[in-house]
Student: 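Pasting in a structure now, in structure tokens, and then I'll have a few things to ask.
We count ligands from 1, going down the list as the structure has it; atoms in each ligand are counted the same way. Along the sequence shown, the residues carry numbers beginning at 1. Atom set for the values below is all heavy atoms of this structure, side chains included, hydrogens, waters and symmetry mates excluded. Quick caveat: nothing in here was measured; it's all calculated off a predicted structure.
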Amino acid sequence: MPSQSTLIAPSILSADLMHLGEALKTAEAAGADWIHCDIMDGNFVPNITFGPIVVQAIASNTAMVVDTHLMIADPDRYIEEFVKAGSNQVTVHQETCPHLHRTVQFIKSLGAKAGVSLNPATPVSTLEEILGDLDLVLIMSVNPGFGGQKFIPASIEKIKKLDAMRRELNPRLVIAVDGGITEENAEAVVHAGADALIAGTAFFRAADPAAAALKIKSASR
Ligand code: DX5
Ligand code: ZN
């Protein structure tokens, strides 16, 4: 498996955006491994968030891995900008990429790690032929578009399926899970095979984010 201890990636979407610098410090002090940037376009998903200039501000003020989640139609148009802005990892949605192999190779050619995300209704089998080329798969455990939604229980079986697939096809693949992660369900998600947990509400809206991160991080297989 790629990592011994669970990686935690706070989603900046749930932070107080008036105080982005403080939010980064809170995440760093809590031992966060990645900072998750949710990019939404009002087209692929119903919500709109922010673009490369905000990612650049984040990337130039943190040592955390900048993990950019593109929930946008035609991501090929913007990948280079997000890498130039300082994204260390770029994740595109399978549902937005008719030429996924080309898109993945493009991300890698720019020097970033390449991830692919799957909506709840998209089967992991759609990644079989590309799995060997990927650095990370992001399983959506809610329908993308908003923070604060409830974890979809069927995601657990899906993570298990992907875990079995990677053993055969790409043991160094990182499995990340995004949406509705809580201190309560983290253990089950990690047990199913997740290496990295994205946490928006459970981290930034916690009374004590550091304590919440510790609890989520301590979830082990
Ligand atoms: C949902 C986003 C998630 C979201 C997670 O579309 O991709 O990253 O911010 O937020 P919580 O942890 O609140 O579900
Ligand atoms: Zn996300």
Side-chain angles (χ1 to χ4, degrees), residues 6-17 20 23-24 26-27 30 32-52 54-55 58 64-73 75 78-79 82 87-96 107 112-122 135-156 158-159 174-190 194-207 209 212-213 215-217 219:
T6 304
L7 303 172
I8 182 161
S11 164
I12 204 77
L13 189 60
S14 300
D16 176 358
L17 297 181
L20 212 46
L24 292 178
T26 302
D33 302 280
W34 307 346
I35 188 77
H36 185 80
C37 298
D38 284 309
I39 313 301
M40 306 185 188
D41 67 349
N43 182 4
F44 173 59
V45 290
N47 200 2
I48 298 178
T49 56
F50 50 86
V54 174
V55 172
I58 291 169
M64 289 180 286
V65 168
V66 177
D67 175 50
T68 298
H69 177 194
L70 295 180
M71 287 161 277
I72 63 176
Y78 296 101
I79 286 167
F82 281 104
S87 305
N88 304 107
Q89 311 183 151
V90 175
T91 295
V92 294
H93 267 261
Q94 187 271 11
E95 302 84 3
T96 62
I107 296 170
K113 289 193 173 173
V116 174
S117 186
L118 297 176
N119 276 345
T122 307
D135 295 300
L136 118 100
V137 170
L138 181 67
I139 297 284
M140 290 309 301
S141 40
V142 298
N143 287 292
F146 303 94
Q149 302 182 79
K150 212 173 160 307
F151 184 87
I152 297 172
S155 312
I156 294 288
K158 196 168 170 181
I159 298 161
V174 170
I175 299 179
V177 179
D178 188 7
I181 296 294
T182 62
E183 291 177 34
E184 289 70 38
N185 64 23
E187 182 96 38
V189 175
V190 170
D195 307 295
L197 302 181
I198 316 304
T201 309
F203 181 77
F204 282 114
R205 304 291 166 95
K215 193 135 186 242
I216 292 171
K217 261 182 99 73

Student: Can you tell me the angle formed at the Zn ion (ligand 2) by OD2 of D178 and NE2 of H36, to 10°?
Tutor: 100°

Student: Would you say the side chain of C37 lies within less than 4.5 Å of the side chain of F50, judging by non-hydrogen atoms?
Tutor: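 Yes, side chains in contact.
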
Student: State the atom name: nearest N, O or S atom of D38 to the Zn ion (ligand 2).
Tutor: OD1

Student: Identify every side-chain donor-acceptor pair in residues 142-154 under 3.5 Å, counting partners at least two apart or on other chains, and give the distances.
Tutor:
from	atom 1	to	atom 2	distance (Å)
Q149	NE2	N143	O	2.8
Q149	NE2	F146	O	3.0

Student: Mind telling me whether H69 and H93 have parallel, tilted or perpendicular rings, with 30° and 60° as the class edges?
Tutor: parallel

Student: Any donor and acceptor pair, going by atom type alone, linking the side chain of K215 with main-chain N or O of T182 inside 3.5 Å?
Tutor: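 Side chain of K215 to backbone of T182, a donor-acceptor pair under 3.5 Å: no, none is there.
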
Student: Going by atom types alone, do S87 and T68 pair a side-chain donor with an acceptor below 3.5 Å?
Tutor: yes

Student: At less than 4.0 angstrom from any atom of ligand 1, which residues have a non-hydrogen atom? List them by chain and residue number.
Tutor: S11, L13, H36, D38, M40, H69, M71, M140, P144, G145, F146, G147, G148, D178, G179, G180, I198, A199, G200, T201

Student: Of all the N, O or S atoms in H69, which one sits nearest to the Zn ion (ligand 2)?
Tutor: ND1

Student: Got more than 12 heavy atoms from elsewhere within 6.0 Å of OH, Y78?
Tutor: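 For Y78, atom OH is not crowded (no more than 12 foreign heavy atoms under 6.0 Å).
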
Student: Taking the side chain as every heavy atom from C-beta outward, state whether D67 and L136 have any atom pair closer than 4.5 Å.
Tutor: yes

